[in-house]
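Everything on this sheet refers to the single structure shown next.
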Amino acid sequence: MVMEQVKEQFKASLASALPGQDIALERPRSWEHGDLAFPCFRAAKALGVPPPKLAQDLAARMTIDGGELVAAGPYLNLRLQPEARARVLLEALLGPTPFGSAPDHDEAVLVEYSSPNIAKLFTIGHLRSTMIGHALAQVNRYLGCRVQRLNHLGDWGTQFGTLLAAYKRWAEAENPALDQDFPWAEEIPERRRNPLFRLFQLYVRFHQEEEQDPAMRDEARAWFRRLEEGDSEARRLWSWFREISLAEFHRIYARLGVAFDALDGEAFYEDRLAAAVAKLETSGLLEEGEGGARIVRLEDAGIQTPCIVLKADGTSIYATRDLAAALYRQETYAFDRCLYVVGSDQVLHFQQLFAVLNKLDPWFQGRMVHAPFGMVKLPEGKMSTRKGNVVFLEDVLDEAVTRVRAIIEEKNPDLPSKERVAEQLGLGAVVFFDALNDRVKPITFAWDRVIALDGDTGPYVQYAHARICSVLRKAGEAWAQAVRLAAPAGPEVAALTFHLATVPDELPGLDEPAAQSLLFELAGLPDALRNAQREHMATPLARQLLAIAKTFSGFYTQCPILKPDIEAPVRDARLALCAATARALRQGLFLMGIQAPEEM
RNA sequence: GCGCCCGUAGCUCAGUUGGAUAGAGCAUCAGGCUUCGAACCUGAGGGUCGGGCGUUCGAGUCGCUCCGGGCGCACCA
């Protein structure tokens with residue numbers, strides 16, 4: 001990438017001017033300072049001169065092709081000439097190599113995300129793991145990693161005891177096929193009248209009644225035990241409940257454009273549990289805990305609560321399955337990094353899990369990463385599937401789409417394929433909102449914020465993209481083609497393939513501050529991608545896309561492109577900048593799992 | 001009680017390995033479409049970055065401490 005070459009040249013030049021000094025460059029806050037900055041504080045201190053003096057000396061002594069070096073107080077800024085800056089960036093953005101991507105470097109990354117529990121409906125909370133994980137998988141791929149997307153389905157565990165017990169109690173006699181509403185069903189919307197919702201109702205009812213009758217808990221436990229011991233009736237029902245759930249999950253994943261390379265849920269590891277436990281036993285890590293459970297003590301790792309590997313009744317627990325899964329993945333994928341995109345309420349669990357693995361095999365040290373995210377709360381308090389006070393994901397998506405539909409009718413009633421665009425914008429709003437803020441911060445759900453359509457939102461970025469497409473269409477087929485895809489895109493690819501576009505030989509008309517600041521924001525995209533990878537969240541990417549879209553809007557209002565008095569070379573240079581911006585926005589949104597329509 | 005996370009404008013939040021005058025959006029107020037899409041743009045007001053001490057040439061960012069909030073703390077996931 002050409003911008004990298006400029007950076008390397010600057011770095012090398014500084015290194016020879018300041019032998020032995022650590023050369024750390026940074027990206028200035030504002031484009032007016034320049035493209036790259038060298039803060040002189042540290043080197044100046046080492047050399048015993050005031051930082052501003054050093055900056056001036058360096059500015060006088062060094063030269064960089066196509067740019068000037070300016071001392072601004074304690075900073076030495078590299079500022080490219082406006083035309084050189086435009087050329088460097090436009091060639092990188094319109095060239096064949098995806099902008100800001102990295103060549104394959106053979107690093108194997110596993111991302112475990114979404115991982116819904118069978119027999120539960122997707123709530124707004126599930127969107128977090130699903131879309132953060134999707135974006136992480138996409139960004140890591142874009143940056144050259146070999147990524148495996150893992151969905152650790154919650155298809156095993158005591159909850160199945162609950163489900164089996166509830167089914168036997170209330171459904172088997174009255175509604176064995178779960179094909180009609182239960183007598184106790186309240187008025188529910190048509191599209192929720194499916195078997196999965198009825199399973200969900202059974203689950204909720206069991207937990208409600210269990211509070212009055214604690215003996216029911218033993219009933220559920222007994223059923224899980226039967227399941228784990230291979231009881232044929234328990235197995236048959238389990239498998240059926242799982243199918244019902246998966247059918248619904250796949251429908252939602254298709255809507256969100258999310259896919260996985262493996263759906264090995266907890267049940268998949270069932271026949272590996274014994275081996276995992278045996279391995280712990282041989283390593284001498286297992287001890288007898290209070291009440292007869294088999295545990296691993298972790299005080300020496302700074303964790304006071306031991307990890308329970310087998311419950312007192314001998315059955316497995318989620319830690320057992322996570323241990324078996326980690327060992328399986330070690331063998332199967334030989335990964336460099338394994339990211340768990342799981343809620344922050346499980347930090348202790350992952351600390352324990354990683355600590356046990358490190359004791360078992362130092363190979364795991366540093367490879368296991370929990371990327372926790374803040375839980376979604378309601379204004380009234382915590383969401384609880386068991387208690388039934390939840391916001392369902394599809395209700396949010398549908399409401400967002402409905403709101404978009406109304407705005408389309410108001411502002412652009414002649415738009416072709418309205419329904420498809422409404423879907424893309426509605427989902428864009430919800431998904432972008434989720435990525436906008438720091439992963440670890442809890443979110444208090446508020447309709448107005450989640451499905452907002454103006455301000456710092458997905459549709460704002462999508463609008464900038466659509467406006468550019470509109471200009472390019474008017475500029476002619478060749479330009480319109482420059483932002484269209486030459487190959488189909490889907491959840492299986494990370495880098496979009498655009499039709500060929502060429503940068504004009506001359507680039508006048510990009511000297512205005514509005515154009516230069518847009519170029520500067522575009523130049524920030526590679527850093528944003530690397531930050532997203534390093535911090536395991538899409539937030540830096542979302543923020544940078546917003547900055548690009550915002551700066552583009554300024555450019556658009558201040559720099560006419562197709563007006564009659566605009567000369568051809570100026571027009572073409574500006575069109576090239578438009579095309580470059582549209583590509584950056586479309587690619588960036590795509591990595592986040594958001595589509596960018598050409599019209600809206 | 002112990003552990004982890006968080007505290008930045010009225011509200012919701014950004015703030016890159018510690019670096020230039022702490023930035024957005026919403027809300028409020030004042031402007032801008034016979035001209036490339038106004039789902040937009042320009043401007044204004046609004047801050048002792050929870051309090052204090054410390055490390056540093058330099059702290060919203062690192063350390064200690066206090067206050068306030070969230071989550072977790074042995075057989076749920």
Side-chain angles (χ1 to χ4, degrees), chain A residues 24 26-30 33 37 39-42 44-45 50-51 72-75 77 115 117 154 156-159 162 266 289-295 302-313 315 317-319 321-322 342-349 351 372 374-375 377 382 386 404 407-408 410-412 425 436-438 440-444 446 448-449 452-457 459-460 462-464 466-475 524 527-528 530-531 534-535 539-540 542-543 546-547 550 553-554 556-564 566 571 574 578 599-600:
Chain A
E26 58 187 51
R27 190 176 138 75
R29 238 170 236 190
S30 157
H33 289 127
C40 298
F41 304 98
R42 204 165 305 174
K45 194 179 181 189
Y75 289 88
N77 292 323
S115 309
N117 286 337
W156 203 246
T158 311
Q159 50 175 340
T162 307
E266 297 186 284
E290 291 168 20
R294 303 291 288 164
I295 64 169
I303 301 169
Q304 297 312 310
T305 316
C307 180
I308 295 185
V309 176
L310 287 178
K311 293 187 274 188
D313 66 0
T315 57
I317 190 169
Y318 56 101
R321 299 186 279 274
D322 270 338
V342 180
S344 60
D345 54 348
Q346 292 190 42
V347 285
L348 177 61
H349 165 62
Q351 282 170 359
M375 310 306 285
K377 298 179 300 182
K382 207 170 169 179
R386 292 181 179 189
V404 171
I407 293 178
I408 290 176
E410 176 196 334
K411 310 208 176 204
N412 196 0
L425 295 179
L436 189 60
N437 295 324
D438 192 302
V440 306
K441 300 202 176 178
I443 293 179
T444 302
D448 284 345
R449 279 202 295 280
L453 302 172
D454 41 41
D456 285 354
T457 64
Y460 178 88
Q462 290 168 314
Y463 181 62
R467 280 168 124 190
I468 296 173
C469 291
S470 173
V471 172
L472 295 178
R473 277 196 302 275
K474 292 192 165 116
D527 277 355
R530 278 190 288 270
N531 288 342
R534 179 165 48 84
E535 291 163 33
T539 305
R543 294 275 168 185
L546 222 34
K550 187 173 311 218
S553 294
Y556 181 81
T557 45
Q558 286 167 53
C559 298
I561 302 160
L562 299 176
K563 299 297 169 65
I566 300 298
R571 181 197 63 207
R574 290 178 177 171
C578 282
E599 288 182 73
M600 61 189 267

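Here is the naming used below: chain letters follow the sequence lines, and residue numbers restart at 1 for every chain.
- A:Leu425 comes within contact range of at least one nucleobase, with a heavy-atom separation under 4.0 Å.
- Taking the side-chain hydrogen bond (donor to acceptor under 3.5 Å, both in side chains) definition, one finds that A:Asp454 meets it with nothing, sequence neighbours left out.
- The side-chain hydrogen bond (donor to acceptor under 3.5 Å, both in side chains) test applied to A:Glu266 returns A:Arg321, not counting sequence neighbours.
- Nucleotide B:G23 has B:C13 as its partner under the Watson-Crick or G-U criteria, with both atom distances under 3.5 Å.
- Across all strands shown, B:G70 is found opposite B:C4 as a Watson-Crick or G-U wobble partner, with both distances under 3.5 Å.
- In this structure A:Arg473 satisfies the salt bridge (Lys or Arg N to Asp or Glu O under 4.0 Å) test with no other residue, sequence neighbours excluded.
- Nucleotides of RNA chain B nearest to A:His33 and A:Lys382 differ in position, and the one nearer the 5' end is that of A:His33.
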Mind listing the N/O atom pairs, protein and nucleotides 8-13 of chain B, below 3.5 Å?
unit_1, atom_1, unit_2, atom_2, d
B:C13, O3', A:Asn437, OD1, 3.1
B:C13, O2', A:Asn437, OD1, 2.4
B:C13, O2', A:Arg543, NH2, 2.8

Between protein and nucleotides 32-38 of chain B, map the contacts as a letter string: B base, S sugar-phosphate only, - none, heavy atoms under 4.0 Å, written 5' to 3'. ---BBBS
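- Across the strands present, B:U34 finds no partner; the criterion is a Watson-Crick or G-U wobble pair with both atom distances under 3.5 angstrom.
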Spell out protein contact along nucleotides 56-65 of chain B as letters: B when the base is contacted, S when just the sugar-phosphate is, - when no protein heavy atom is under 4.0 Å; keep the 5' to 3' order. SB--------
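- Evaluation of the salt bridge (Lys or Arg N to Asp or Glu O under 4.0 Å) rule for A:Asp527 yields A:Arg530 as partners, not counting sequence neighbours.
- Rounded to whole angstrom, the span from the CG atom of A:Leu310 across to the P atom of B:A74 amounts to 18 Å.
- With sequence neighbours excluded, no residue forms a side-chain hydrogen bond (donor to acceptor under 3.5 Å, both in side chains) with A:Thr539.
- Along RNA chain B, the nucleotide closest to A:Ala319 and the one closest to A:Ile295 are compared, and the more 5′ of them pairs with A:Ile295.
- Between A:Leu562 and A:Val471 the shortest heavy-atom distance is CD1-O, 3.5 Å.
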Output one line per pair: protein atom, nucleotide atom from nucleotides 26-28 of chain B, and distance, for all N/O pairs under 3.5 Å.
none

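- In this model, a side-chain donor or acceptor of A:Glu290 finds a partner on the base of B:A74 within 3.5 Å.
- Under the rule for a salt bridge (Lys or Arg N to Asp or Glu O under 4.0 Å), A:Arg543 has no partner lying at least two apart in sequence or in another chain.
- Taking atom C1' in both B:G23 and B:C33, one finds a spacing of 29 Å when rounded to whole Å.
- For A:Tyr460, the ring-ring contact (aromatic ring centres under 6.0 Å, His included) test picks out no residue, with sequence neighbours left out.
- Scanning for side-chain hydrogen bond (donor to acceptor under 3.5 Å, both in side chains) contacts around A:His33 gives an empty result, with sequence neighbours left out.
- For A:Asn77 and B:A20, a side-chain-to-base donor-acceptor distance below 3.5 Å is present, hydrogens and geometry of angles not being considered.
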